[in-house]
S.K.: 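The following block contains the structure, expressed as structure tokens.
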Protein chains: 2
Amino acid sequence: MSVKKRSVKPVRRSLAKIRKDNSDQILKVAERLFSDKGYSGTTISAIAKEAGLPKANVLYYFHTKDALYKRVLSNILSIWMLSMNDMTEDQHPRDALRSYIVKKIRQSKEHPHASRIFAAEILHGAPYLREQLETDLKEQFQATCQVFRHWISKQWMDPVNPEHLMFMLWSSTQAYADFQVQSSIMLSKTELDDQDFNEGADLLVRLVLKGCGINQV
Amino acid sequence: MSVKKRSVKPVRRSLAKIRKDNSDQILKVAERLFSDKGYSGTTISAIAKEAGLPKANVLYYFHTKDALYKRVLSNILSIWMLSMNDMTEDQHPRDALRSYIVKKIRQSKEHPHASRIFAAEILHGAPYLREQLETDLKEQFQATCQVFRHWISKQWMDPVNPEHLMFMLWSSTQAYADFQVQSSIMLSKTELDDQDFNEGADLLVRLVLKGCGINQV
DNA sequence: AAATCTTCTGACCGATTGGTCAGAAGATGG
DNA sequence: CCATCTTCTGACCAATCGGTCAGAAGATTT
């Protein structure tokens with residue numbers, strides 16, 4: 001245990017650092033609260049309180065609650081898109097699908113709050129994300145479906161419906177973040193551990209590969 | 001087009017009918033709004049407005065917002081539990097799993113609002129449902145896992161992890177309600193039609209049966 | 001038709017909400 | 001050290017929130 005005192009005599013910080021520290025802290029707290037309570041259930045005062053700042057200071061950095069929420073969302077989406085587009089047609093589906101599932105479940109484990117905000121957005125009709133879903137995400141979705149069709153034409157997998165396979169992959173991996181509370185209740189645990197995530201990934205990989213007639217090595 | 005006028009000269013209604021009509025109408029509107037906007041995002045005034053009643057009248061039937069929400073939730077949960085517990089060990093998994101998936105997806109199609117409220121509850125930590133999840137739902141969950149284990153011991157299916165199979169079934173069927181907005185955007189439709197739900201069910205049945213090594217007839 | 005019970009509702013309440021603003025406090029560059 | 005720019009914040013605001021209540025309006029019972 002360190003007994004080093006902080007913030008008793010405020011250290012002189014550069015403006016750049018002050019700005020970065022505070023907005024990072026606000027974004028971090030906001031992500032957790034938006035995830036736990038939803039947009040309407042989260043108040044600026046609550047964010048300010050947990051971030052250790054006066055409410056007016058939060059509004060100094062993010063002029064409106066809306067703007068803050070949009071910033072949180074866009075941060076999330078950029079992380080999201082990255083892990084989406086790494087299934088390519090020159091890979092074998094055996095490897096591509098496995099690593100996709102593993103990566104997605106790891107993301108659910110490591111960024112549960114982000115994942116849940118995303119889910120809540122869509123659950124409520126995607127009022128803020130609709131445009132980006134219609135452009136960026138849809139583009140990636142269709143590209144990935146093309147990859148599936150390519151694999152099917154090469155007879156690397158059964159002729160399954162590509163779109164619905166994507167939906168299944170998305171929802172069943174996403175669930176390890178969104179429904180973590182329910183899962184841990186069912187398993188009589190306070191929270192899921194690494195083994196649970198691994199077992200989930202194993203089951204999904206098995207189901208998808210075998211289910212699509214992809215011969216596992 | 002009918003030109004029959006209603007509510008110009010109010011019809012004489014019995015007290016029993018009045019009470020039933022109004023509370024039903026309130027519950028119906030409340031379910032839709034809670035589903036669309038979440039608990040905090042839904043106001044009593046909004047419910048009253050859409051139900052065509054003054055706010056004070058809504059509070060006459062349901063004394064608090066909390067009580068109204070709980071009523072909506074408990075209605076949902078009772079529908080839910082019914083479709084859960086019809087997998088038994090004397091059935092063959094081929095039939096039992098297929099009809100479970102089909103039934104669950106039909107539920108997502110026919111009760112999308114209820115489904116989304118349920119999902120949002122869990123997403124935000126199940127503050128109102130926790131107790132029932134820990135008792136009723138957990139009991140059914142464990143019973144169903146036992147059925148899976150029985151099927152496995154009879155070598156009717158591969159030795160897959162029963163708990164995670166349940167999670168997969170739950171999330172991938174649930175998704176056809178929760179993420180309907182996203183799915184329809186991806187498919188360039190205003191909303192999913194019967195064929196979409198059927199294709200989804202077909203894919204899931206195929207994946208689960210083949211994936212679990214259950215020989216389809 | 002009178003008495004009683006239920007339903008209905010406009011007016012009102014304190015608390016909380018997101019947001020504003022003037023001016024203090026602190027950091028920066030010369 | 002001073003002028004200037006950025007950061008910070010308490011006080012304040014209109015709007016809205018969930019909820020109360022007295023009394024009107026309507027239904028039921030006698």
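Since the model is a prediction, treat every value here as computed from it, not as a measurement. Here is the naming used below: chain letters follow the sequence lines, and residue numbers restart at 1 for every chain.
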S.K.: Taking the side chain of B/Ile18 as heavy atoms from C-beta outward, which of C/dT7, C/dT20, C/dT9 is closest to it?
M.R.: C/dT7

S.K.: With a 3.5 Å cut-off and just heavy-atom distances, do the side chain of B/Lys55 and the base of D/dG18 make a donor-acceptor pair?
M.R.: yes

S.K.: Could you tell me whether B/Glu163 and B/Arg149 make a salt bridge, using a distance below 4.0 angstrom between a side-chain N and a carboxylate O?
M.R.: yes

S.K.: From C-beta outward on B/Pro54, which listed nucleotide comes closest to its side chain: C/dT28, C/dT9, D/dG18?
M.R.: C/dT9

S.K.: Which of these nucleotides, C/dC21, D/dT20, D/dT7, is closest to any side-chain atom of A/Ala56?
M.R.: C/dC21

S.K.: Without decimals, in angstroms, what is the distance between A/Leu59 CG and D/dC8 C1'?
M.R.: 13 Å

S.K.: side-chain contact (heavy atoms from CB on, under 4.5 Å), that's the test. Do B/Ile185 and A/Phe141 meet it? Break it down for me.
M.R.: CA-CA 10 Å; B/Ile185 289 176; A/Phe141 173 82; over 6 Å; no

S.K.: Measure the distance from OH on B/Tyr39 to P on D/dC17 and round it to the nearest whole Å.
M.R.: 13 Å

S.K.: Output the rounded distance in Å from NZ (A/Lys37) to C1' (C/dT17).
M.R.: 16 Å

S.K.: Distance check needed: D/dT9 P versus A/Ile26 CD1, whole Å only.
M.R.: 11 Å

S.K.: With nearest nucleotides of DNA chain D determined for A/Val58 and B/Ser40 from heavy-atom distances, which residue corresponds to the more 5′ nucleotide?
M.R.: A/Val58

S.K.: For A/Tyr69 and A/Phe34: C-alpha separation, side-chain torsions, deciding distance, then whether ring pair (Phe, Tyr, Trp, His ring centres under 6.0 Å) applies.
M.R.: CA-CA 8 Å; A/Tyr69 182 69; A/Phe34 281 137; 5.0 Å; yes

S.K.: Rounded to whole angstroms, how far apart are NZ on A/Lys20 and P on C/dA27?
M.R.: 19 Å

S.K.: Are any of B/Asn57's side-chain N or O atoms less than 4.0 Å away from OP1 or OP2 of C/dG10?
M.R.: no

S.K.: Select from B/Leu15 and B/Thr42 the residue whose nearest nucleotide in DNA chain D is closer to the 5' end of that strand.
M.R.: B/Thr42

S.K.: Mapping A/Ala16 and A/Ile44 onto DNA chain C by nearest heavy atom, which one lands closer to the 5' end?
M.R.: A/Ile44

S.K.: How many whole angstroms separate atom CG of B/Asn22 from atom C1' of D/dA27?
M.R.: 14 Å

S.K.: Hey, are B/Lys138 and A/Ser188 close enough side-chain-wise for a donor-acceptor pair under 3.5 Å?
M.R.: yes

S.K.: Within 45° of the axis and under 6.0 Å from the centre of the six-membered ring of A/Tyr176, does NZ or CZ of A/Lys104 qualify?
M.R.: no

S.K.: Write down the distance between CG (B/Asp66) and P (D/dC17), rounded to a whole number of angstrom.
M.R.: 17 Å

S.K.: It should be established whether B/Tyr60 places a side-chain nitrogen or oxygen under 4.0 Å from OP1 or OP2 of nucleotide C/dT7.
M.R.: yes

S.K.: Calculate the interatomic distance between A/Arg19 atom CZ and D/dC5 atom P; express it in whole Å.
M.R.: 16 Å

